[in-house]
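As structure tokens, the structure follows; a few thoughts come after it.
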2 protein chains.
Amino acid sequence: MKRDSRLSGVLHILLHMARQPGPQTSETLARAMETNPVVVRRLMAGLRERGLVRSEKGHRGGWIIARELDRITLRDIYEALGEPEILAMGNRTEAPGCLVEQAVNAALGSAFDEAEALLLRRFGEVTLSQLSADVAAMMPGAAEAITLENAHEA
Amino acid sequence: MKRDSRLSGVLHILLHMARQPGPQTSETLARAMETNPVVVRRLMAGLRERGLVRSEKGHRGGWIIARELDRITLRDIYEALGEPEILAMGNRTEAPGCLVEQAVNAALGSAFDEAEALLLRRFGEVTLSQLSADVAAMMPGAAEAITLENAHEA
DNA sequence: GCTTCATGTAACTTTAAATGATACGTGAGT
DNA sequence: ACTCACGTATCATTTAAAGTTACATGAAGC
């Protein structure tokens, strides 16, 4: 399959949203991402169901973040996306009859599980507000503006 | 893409080889794996280049393991396969102009790198002889036979 | 030497999943 | 009513692994 960039993509969207006060349309967000509005809606659908964002139809509609940035972790977002596969590798057969393959599955499986667990743990430790601060720190000469913006988001 | 099961597959092949003294043909190995001989050769090609296995053509030809089992780690095998992608997830763009995306890449990237490093570390700690012993331990009532076999492999 | 066996590879097909695009329905403002 | 924007189904595109076919090469046995 293609490399999965949904988490990366939706984070990009959310951080753009965090830098603007009002609702933003899929159209606008899609342009910033150089993609299609439908892709944006698809990514956001899961987040809406989890209550992380809200959407409004019609004039002046669009997407807004519906929870404090410091109460949204990457793990929340990952789960809202439907917990996509983390590893590109896996066992050939899930429930093999062959004992050799069972041994291979057991050995690889535990290593795989550890790596997945580590990544999920890291995801749980990172909040959107931290990422937003990272972005602000990278903005040359815009420090005050960012601070003002963040004031009524957190 | 499909889930990558090359490491799982080639381990299965190697452990089957470890349980038989002489060379084994791609044909035989493919039957044990329920796949095609060409797939077996493709998997083994990289291992041959690294000197982990040898192949002989013609009558009584086939594949043999060319290094002591306790000197072959999963990491060696992973590298011989061409170091396939470990993570199914990745950043949307590698060198983005957008600062927001750069911040996302930095945050996700370090988490991704940690998980990959952990998995590779685990791979480096597991040898084929350990896996072979695991298989032996799972064989009911064949303990002596396995022990004899292992005697002239390690 | 000739045949057979087995690897070595190239080329093509199939499969699976994300991404991209089009079309149309629904509901909220104006 | 009309327009804006989301909601969603459907189809096309892309990417890479896995499976298949075909044929060349080289070694062993006769």
Side-chain angles (χ1 to χ4, degrees), chain A residues 1-10 12-13 17 22-49 53-66 78 81-94, chain B residues 1-10 12-13 17 22-49 52-64 66 78 81-94:
Chain A
M1 90 190 84
K2 256 178 193 167
R3 194 77 172 283
D4 182 351
S5 62
R6 280 177 289 179
L7 182 58
S8 170
V10 81
H12 191 178
I13 291 173
M17 288 171 64
Q24 294 179 71
T25 67
S26 310
E27 171 68 29
T28 304
L29 295 167
R31 259 200 306 274
M33 308 265 304
E34 296 179 316
T35 183
N36 193 293
V38 176
V39 174
V40 173
R41 293 188 193 119
R42 207 151 48 191
L43 290 175
M44 301 293 277
L47 305 215
R48 185 186 51 227
E49 288 165 18
V53 299
R54 267 198 300 273
S55 60
E56 297 291 346
K57 292 178 177 177
H59 288 245
R60 308 189 53 84
W63 298 89
I64 55 169
I65 298 181
Y78 166 78
L81 288 174
E83 311 193 2
E85 285 292 344
I86 288 175
L87 296 176
M89 302 192 293
N91 289 323
R92 247 169 36 93
T93 312
E94 267 330 301
Chain B
M1 96 193 76
K2 258 177 191 166
R3 194 76 172 285
D4 181 351
S5 64
R6 281 178 289 179
L7 182 59
S8 170
V10 81
H12 191 177
I13 292 173
M17 288 169 64
Q24 292 180 71
T25 68
S26 309
E27 171 69 28
T28 304
L29 294 167
R31 259 200 306 273
M33 307 265 303
E34 294 179 319
T35 181
N36 194 293
V38 176
V39 174
V40 173
R41 294 188 193 117
R42 208 151 48 194
L43 290 175
M44 300 294 275
L47 306 214
R48 186 185 51 224
E49 287 163 19
L52 301 181
V53 299
R54 268 197 299 274
S55 60
E56 298 289 345
K57 292 179 177 177
H59 286 246
R60 308 191 52 85
W63 299 89
I64 54 171
Y78 167 78
L81 287 175
E83 308 192 1
E85 287 293 344
I86 288 175
L87 296 176
M89 300 193 295
N91 289 323
R92 245 168 40 90
T93 312
E94 267 330 302

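Proteins get letters first, then strands, A, B, ... in listed order; numbering begins at 1 in each.
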Where the side chain of A/Arg3 meets the backbone of B/Leu87, is there a donor-acceptor pair that is under 3.5 Å apart?
yes
From CZ of A/Arg3 across to P of D/dA17 the rounded distance in Å is 12 Å
Interatomic distance where CZ belongs to A/Arg31 and C1' belongs to D/dA5 [whole Å]:
13 Å
Heavy-atom closest pair (B/Gly9 atom, A/Arg92 atom, distance to 0.1 Å) is CA-CD, 3.3 Å
Between B/Leu43 (CG) and D/dT20 (P), how many Å, whole number?
14 Å
Name all pairs fulfilling the side chain to side chain donor-acceptor pair (under 3.5 Å) condition that reach into residues 34-48 of chain B, sequence neighbours left out, sorted by first residue then second.
B/Ser26-B/Arg41
Between C1' on C/dG20 and CE on A/Met33, what's the gap in Å once rounded to a whole number?
13 Å
Please encode protein proximity along nucleotides 6-11 of chain C as a string of B, S and -, counting only heavy-atom distances under 4.0 Å.
SBBBBB
In whole Å, I'd like the distance from the CD1 atom of A/Ile86 to the C1' atom of C/dA17.
17 Å
Atom pair distance, as rounded to whole Å: CE in B/Met89 and P in C/dA18:
12 Å
Taken to the nearest whole Å, CE/A/Met44 to P/D/dT8 is 14 Å
Nucleotide D/dA27, atom C1' - distance to CD1 of B/Ile64 in whole Å
15 Å
Backbone N/O of A/Ser8 and side chain of A/Ser5: donor-acceptor pair under 3.5 Å:
no
Closest non-hydrogen contact found for A/Pro37 with A/Ala30 is N-CB, 3.5 Å
If you look at every heavy atom in B/Leu81 and B/Leu43, which pair is closest and at what distance?
CD2-O, 3.7 Å
